[in-house]
Structures are given as structure tokens and as C-alpha cells.
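Worksheet for the structure shown next.
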Number of protein chains: 2
Amino acid sequence: MESSTLTGEGSLEITTRSLHDQVANRVRDLIIEAVLEPGSRIDEAALIQSLGVSRTPFREALRTLAAEGLVVIKPSKGVIVRKLTPEDVQSMLEVLGELERLAGRLACERASDDEIAEMVALHERMLEHYAARDRMPYYKLNQEFHSRLAALSGNETLQEMQGNLQARLKRIRYIGNERPEAWAGAVADHEDMVKSLRAHDGGALGEAMWTHLQRTWDRVKDRV
Amino acid sequence: MESSTLTGEGSLEITTRSLHDQVANRVRDLIIEAVLEPGSRIDEAALIQSLGVSRTPFREALRTLAAEGLVVIKPSKGVIVRKLTPEDVQSMLEVLGELERLAGRLACERASDDEIAEMVALHERMLEHYAARDRMPYYKLNQEFHSRLAALSGNETLQEMQGNLQARLKRIRYIGNERPEAWAGAVADHEDMVKSLRAHDGGALGEAMWTHLQRTWDRVKDRV
DNA sequence: CATTTGTATTTTGTATACATGATGAAAATA
DNA sequence: TATTTTCATCATGTATACAAAATACAAATG
């Protein structure tokens, strides 16, 4: 899965990743992990040096990240890590809410029992991390939970757009579990979601997904 | 509006577009107008020559277009214009349907009477073109109608994603008006939409938008 | 002393040259 | 003759060099 991709025709095709893609992925991670701080200017020379590549693939990578909405390129001025305004976050969560509602509905229609069982297992691992208050592993599984649910929708466009928004909002979701009550609330939301999923109730799951993101906004809006 | 952009802080900022952006826009147009055929390989040397630029900004532009989903870059092999499978189209219309449903709801909540009047006027111009069976101008106004409605939602993320999907599907919407009955159906859908908009009925408008895209799929599914 | 103007320096943008990998045709082998 | 191998050619990927723009700073002017 790391270096292979399934084409539309169903043939397995090995794609040796270009340097460009590797750079894009690494810089994306730096942004998501907030090593590169939102609002800060990206020092091309410094990053190039630390990554050990030349300017060409690096700048191409920045173009990709700009199209994804992670950085903003100001012509002749430089590129800065995109800093989300509260309005940005709200608008993204609003859209993500609709997407995940759709994902929830479709997932219930199309997912197999095995796939649902895997989701439930994932959820239970999350509960263990919550019980232990291990925030980082919980957070990572949470990302995976939402990604896999989008994948279960069987709608590739939905998956792509959900992935894009989730990437932009990664740090927001992390913040969303910062306060104990907020985290507890998120866990409760997930309980609802899993219950609906087990019952194959697409409508209920969709609503639960949507509500979860609405509440996420409530939980983070005063700290973005 | 062509060369200026309103920043988040509210200051008007002139952005002289980089060569990269110009190239990206031109190639995007070539793809959308189908001068570059879906599935065909992009001849870098030839296009560079005809555009009169060097490889660097051109290749950066391709990275942008790849991130937007208009082309597919196969490492060491070349880049091809993305050819949409029926499944691609269906999944995109399904997602676009949700986005436009949301846009419709929000637009009714937030749009001023003046803005709604402009939409109605736009619709009436569309009707004139329909009466004259001028397909191309109708088609262009149709694009604008959907874009502006997304803009009226006041949700920038929604607007961005709607724009992206609309760009990918431009030719599909064109096909959607190819057969006379299909075109008549689309016009009827728009009548519903405008009626709901005038009544400030967000729920009804949202449903009309969604239904319109469902029907668009019905109209094109046997010819993609 | 504030403001402006000019200049040096740095940073960004673009073109080109070089390296690497894919493609296809001709020759060699079975 | 079919198949493989080799080599030439072409396309793609990357690095570097050059150009243009922005920035910072100093000197000059009011």
C-alpha cells in the first residue's frame, strides 16, 4: 500500500514514487505535525538543505501542497503555511459534516459484516486508549476510523475529499480532545456511531457523523 | 476580480499572477474544452512550444492540475489527461449533489434580496438562450449559475470544492444538455430551483439542487 | 528627525543543462 | 522465423545557473 496503487482497470501497478512525491509527503507531515508553524514563512533554502534535495522537486511539491490548501503561495513573496481562521475551520467542518453524513449512509449500504466488525474492533481499541488516557494513539486511531468509514462508502471522490479536509483539520481534531469533557463527549459520539453501524442503520449513522462534527466545532471554536 | 484577491484580513491585495498560474489556467482550459482529449498523453515538448514557456513552470502547472484531479502523472512515464470512468462521474455527482444541497440551504439563509434578484435575472437569461436553442451560451450561464449559488452559501470551503468538482465535470454537464428532452428536463429543474430561491425556502432549494444532479446522472449515464 | 531615494543583498522565478530511466528498432541467437 | 539482447533514441526527472523581483539598509534631502 505504501508504494503500490490499484488502478481503475484492476491491474496492480507498482509506482516508484518520484522525489517530488516524497518531498510533498514529508513537507505535508511537517505541516500537520506543526513543525512548520501555521502562518510562518517556509524557508526554502533551509528546508531544501535539510531534506537534501534541489529546488525543482521541492517547489513542485509546494505547488501540490498549495492545491491541497495546506500552504499559500504569494507570488514573488514566498510561501507560508496556511493558517486557518475560525471561519475557515467552521466552513471546513460544515462541509466535512455533509461528506461524512453521506459516507455514513453509504457505508451502511455497502459495507460487509466483516468490514463492520473491523470498525467495531477499531472502536474498541480506541476505548482502551481512552480508558488509559493515551491521547496520541487514540487520536491516530480516530483519524483511521474516519478515513476507513469514508473508504467503506465505496465512493472514491468522497474518500478523496474527506481525506483532503481531514488533512487540513488534523490539528483541529487533536485540539478537540484536549479538554477532558470534550474528549469524553467525542467518545460518546463515537459510541453512537458504532451502535448505528452495527445496526446497519445508515440514516442514523449519517446523522451521528454529522452531529459529531457539529459538536467538534462547539468543542474547538473558542480555541482556534 | 481577475487579478485581485480579497485577503482574510480584509485588505485588497494585488497579486500579479505568476507564469505558473497562467500556464495552469491555460492548460486547464485546454483540458476542459477537450482540446486535450481525455486519456491522451500530454506532449510536453509540443505544449511548451505552443505556450512559449520553459519546462519548469509548465511542469509545476501539471502538478497543480494533478492535485486538482484533472491529469494523472505516471512516474517516469508521462502525464495523461484524466479520463473519467462512469464510476468516477457517478461518485463525483453524488458528492456534488450533497455539496449543492448544502449550498442551496445556506444560500437561502444568507443571500440578500439583491443577490437573489441577480440569480433570477441570470436564470431568465438562461431561459432566453434555451428558447433560442443557443447551447453554448446557455451552458456557460449554467456554470455561472451553479458557481454563484455556491458563492452565496458564504462557505468558502464549499465554494472551493464545488468549483473543483464542477471543473472536473464540465464536459459532463455539457453532454447533459445534448439531447433535447434532457435539456428541457434541466431547464425544468432550474425552474424549481429558482422558485424555491425566490421563496427563500432553503430546504426546498437544497432538495432541488440535489435532485437536479441526480437527474443529470440519469441523463448522462449511458453516454460517459 | 522623519522621509525618501538609491543601492546591495537576499529571495523568488524561470530557463537550461545534465542524468536517469523508458521505448523501440536492429542484430544476434536459438 | 520467433525470441531475446543490445544499443540508440527519446522522454522524463533533477540540479544548477541565470534573471527578476523584493527586501533591508544606508545615505541624502527636506
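Residue numbering restarts at 1 for every chain, and letters A, B, ... go by the order of the sequence lines. Just so it is clear, the values below take in all heavy atoms, side chains as well, and ignore hydrogens, waters and symmetry mates. Values in this document were obtained by computation on a predicted structure and should not be read as measured data.
Using a cutoff of 4.0 Å between basic side-chain nitrogens and carboxylate oxygens, E144(B) and R173(B) are not scored as salt-bridged. Ion pairing of R148(A) with E115(A) is absent here, as no side-chain N (NZ or NE/NH1/NH2) approaches a carboxylate O to less than 4.0 Å. By the 4.0 Å N-to-carboxylate-O rule, E87(B) lies too far from K221(B) to be salt-bridged with it. The existence of a salt bridge linking D88(B) and R82(B) is confirmed by a sub-4.0 Å separation between a basic side-chain nitrogen and an acidic carboxylate oxygen.
Note: CD (Q49(A)) to C1' (dA15(D)) measures 15 Å, nearest angstrom. Per the geometry, NZ belonging to K74(A) stands 13 Å off P belonging to dG13(C), to the nearest Å. Going from atom NE2 of H20(B) over to atom C1' of dG13(C) covers 12 Å, rounded to whole Å. Protein atom CG of L19(A) is 11 Å distant from nucleotide atom C1' of dA15(D), rounded to whole Å. Atom CG of D21(B) and atom C1' of dG13(C) are 12 Å apart (whole Å). When the P atom of dA15(D) is taken as reference, atom CD of E44(A) falls 13 Å away, rounded to whole Å. Protein atom CG of D43(A) is 13 Å distant from nucleotide atom P of dT10(C), rounded to whole Å. The CD1-C1' distance, from I80(B) to dA11(D), rounds to 16 Å in whole Å.
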Could you give the side-chain donor-acceptor pairs of residues 26-34 of chain A under 3.5 Å, partners two or more places apart or in another chain?
residue, atom, partner, partner atom, Å
R28(A), NH1, E68(A), OE1, 2.4
R28(A), NH1, E68(A), OE2, 2.6
R28(A), NH2, N25(A), OD1, 2.7

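N155(A) contributes a side-chain N or O that, together with a main-chain N or O of L158(A), makes up a donor-acceptor pair within less than 3.5 Å. When atom types are taken as modelled, the side chain of Y138(B) and the backbone of E128(B) share no donor-acceptor pair closer than 3.5 angstrom.
To the nearest 0.5 Å, the span separating CZ on R101(B) from CE on M209(B) amounts to 11.5 Å.
Contacts between residues 53-64 of chain A and DNA chain C, defined by a heavy-atom separation under 4.0 Å, are made by R55(A), R59(A).
Taken over five-pair windows at either terminus, the axes of the helix from dC1(C)-dG30(D) to dA30(C)-dT1(D) are inclined to one another by 0° (rounded to 10 degrees).
In this model, the phosphate group of dT10(C) is not approached by any side-chain N or O of R41(A) to a distance below 4.0 Å at OP1 or OP2.
Cation-pi geometry between R135(B) and Y174(B) is met: under 6.0 angstrom from the ring centre, within 45 degrees of the axis.
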